[in-house]
Amino acid sequence: MIDRIARRYEGRWLQGYARGKLRRDPVFAAVFECLKDEPLPVLDAGCGVGLLEFYLRERGFAAPLHGFDFDAPKIAQAQRIASAHYGGVTFSVAATDHALPGERGHVVILDVLHYLPADAQRDLLERTAAHVAPGGLCVIRETPRDGSWRFRATQLEERFIHSILWMKSGAVHFPTIDEVIAPFERRGFSAEVRPLWGRTPFNSHLFILRAPAAAAG
């Protein structure tokens, strides 16, 4: 499955990136486990080259998937592959801190918040909480700001990927756990936060936020 996804990208570097990311990063399997029995459409904010979308389809996840990202070349790669191989998967170019496109459903935000200033993060999280459908999920991966060696390792890694221009913008503000969950808890979401380090040295945490179900009647 991983090789099949990777071969669909253009260029050996991008194929190697896709293969390595899918093999070593635990976030893909973690998101699948959260969503596998969920019928609502999924909006992926900051989707990059679409790895999550293709992984979910390969695992049999059937609901509509839409990813958006401000990086137009990455979106072009993702859309080319989706058009040829994956039905019900679409992509668009949009700034992550602007209005969320598409119908209400689940929202996934992976490794995005720290590229935004604190006020833009709060605004995005507030709008995300409003965009999640009743009973739906928001799944976030983020690096909480703390004093751990894992946090310092994450800071170094962010500086590196920005220096090689894989990420067009560098990290701006790493939020605390409370900063991430507060906009959701105010709307009655349940919140689960757990480490998602896998075999990496990074301070990754998974936030699983469930919206309250619609009121009867």
Side-chain angles (χ1 to χ4, degrees), residues 1-9 17-69 75 78-79 81-92 96 100-113 125 128-143 177 180-181 184-185 187-200 202 204-214:
M1 177 188 70
I2 289 173
D3 285 340
R4 182 166 53 248
I5 295 172
R7 286 195 301 268
R8 289 171 175 162
Y9 287 94
Y17 167 80
R19 190 173 288 109
K21 186 79 169 169
L22 289 168
R23 284 177 177 166
R24 291 189 289 270
D25 193 332
V27 75
F28 302 103
V31 172
F32 173 75
E33 288 300 318
C34 290
L35 298 177
K36 63 182 181 180
D37 298 320
E38 301 284 345
L40 293 172
V42 177
L43 179 66
D44 181 7
C47 64
V49 293
L51 286 175
L52 176 64
E53 284 69 29
F54 306 146
Y55 178 90
L56 291 176
R57 272 295 182 269
E58 291 282 349
R59 293 287 303 269
F61 184 79
L65 299 167
H66 179 71
F68 73 99
D69 198 288
I75 288 295
Q79 188 59 59
I81 294 170
S83 297
H85 301 286
Y86 299 102
V89 180
T90 58
F91 297 93
S92 61
T96 312
L100 298 174
E103 61 185 306
R104 295 176 72 193
H106 307 298
V107 180
V108 177
I109 306 176
L110 305 181
D111 305 324
V112 168
L113 293 178
L125 293 172
T128 298
H131 194 82
V132 176
L137 286 171
C138 179
V139 182
I140 298 173
R141 182 169 70 173
E142 190 48 61
T143 296
I177 288 176
V180 175
I181 66 176
F184 297 92
E185 288 187 329
R187 290 178 175 266
F189 281 62
S190 63
E192 177 187 353
V193 184
R194 61 175 185 249
L196 192 69
W197 302 328
R199 297 179 181 178
T200 77
F202 307 125
S204 299
H205 283 64
L206 194 70
F207 297 75
I208 304 169
L209 305 145
R210 172 78 71 177

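All figures in this text were calculated on a predicted structure; none of them were measured in a lab.
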field: Matching residue for I2 among K21, R7, R23 - test: side-chain contact (heavy atoms from CB on, under 4.5 Å)
entry: R23
task: State, yes or no, whether a side-chain contact exists between L22 and F54 at a heavy-atom distance under 4.5 Å.
output: no
Test: E185 and R187 ion pair at under 4.0 Å: no
message: To check you understand the geometry: which heavy-atom pair defines the closest contact between G46 and V112, and what is its length?
response: CA-CG2, 3.9 Å
- prompt: Can you tell me if D69 uses its side chain to pair, donor with acceptor, with the backbone of G48 under 3.5 Å?
  reply: yes
message: Parallel, tilted or perpendicular, judged at 30° and 60°: which one describes the rings of Y55 and F28?
response: tilted
Minimum heavy-atom distance between A133 and L40, given as atom pair plus value: CB-CD1, 3.9 Å
task: Calculate, to the nearest 0.5 Å, the distance between atoms CZ and CZ belonging to F32 and R59 respectively.
output: 4.0 Å
query: Could you give the distance from CD1 (I208) to CG (L206), rounded to the nearest 0.5 Å?
result: 4.5 Å
message: What's the separation between atom CD in E58 and atom NE2 in H85, rounded to the nearest 0.5 Å?
response: 10.0 Å
- prompt: Can you tell if the side chain of L209 reaches within under 4.5 Å of the side chain of L137, non-hydrogen atoms only?
  reply: no
query: Can you check whether D3 reaches R19 side chain to side chain, under 4.5 Å on heavy atoms?
result: yes
field: Contact check, side chains of F61 and D37, non-hydrogen atoms, under 4.5 Å
entry: no
Short side-chain to backbone donor-acceptor contact, E142 and D111, under 3.5 Å: no
- prompt: So, the side chain of R210 versus the backbone of G135: is there a donor-acceptor pair under 3.5 Å, distance only?
  reply: yes
- prompt: Is the shortest heavy-atom distance from the side chain of L43 to the side chain of F68 under 4.5 Å?
  reply: yes
field: Nearest heavy atoms of A82 and F91, plus distance in Å
entry: CB-CE1, 3.7 Å
message: Within the structure provided, determine whether L65 and D44 are in side-chain contact (heavy-atom separation under 4.5 Å).
response: no
message: Does this structure show an ion pair linking D25 with R141, if we count only N-O contacts that are shorter than 4.0 Å?
response: yes
- prompt: What heavy-atom pair brings Q79 and V89 nearest, and what distance separates the two atoms?
  reply: NE2-O, 4.4 Å
field: Close side-chain approach of H66 to V42, heavy-atom, < 4.5 Å
entry: no
query: Aromatic rings H205 and F207: how do their planes relate, parallel, tilted or perpendicular, breaks at 30° and 60°?
result: tilted
field: Working for side-chain contact (heavy atoms from CB on, under 4.5 Å), residues L125 and I140
entry: CA-CA 10 Å; L125 293 172; I140 298 173; 3.8 Å; yes
field: Atom pair SG (C47) and CD1 (I75), whose distance is rounded to the nearest 0.5 Å
entry: 3.5 Å
Rounded distance (nearest 0.5 Å) linking atom OG1 of T143 with atom CG of L113: 10.0 Å
message: To the closest 0.5 Å, what do you measure between CG (L52) and CG (L35)?
response: 8.0 Å
- prompt: Which heavy-atom pair separates A63 from E38 by the least distance, and what is that distance?
  reply: CB-O, 4.4 Å
task: Go through E192 and R194 one step at a time and tell me if the salt bridge (Lys or Arg N to Asp or Glu O under 4.0 Å) criterion holds.
output: CA-CA 7 Å; E192 177 187 353; R194 61 175 185 249; 2.8 Å; yes
task: State, to 0.1 Å, how close F189 and V132 come at their nearest heavy-atom pair, and which atoms those are.
output: CZ-CB, 4.0 Å
message: Ignoring hydrogens and geometry beyond distance, is a side-chain donor-acceptor pair present between R8 and Y86 at under 3.5 Å?
response: yes
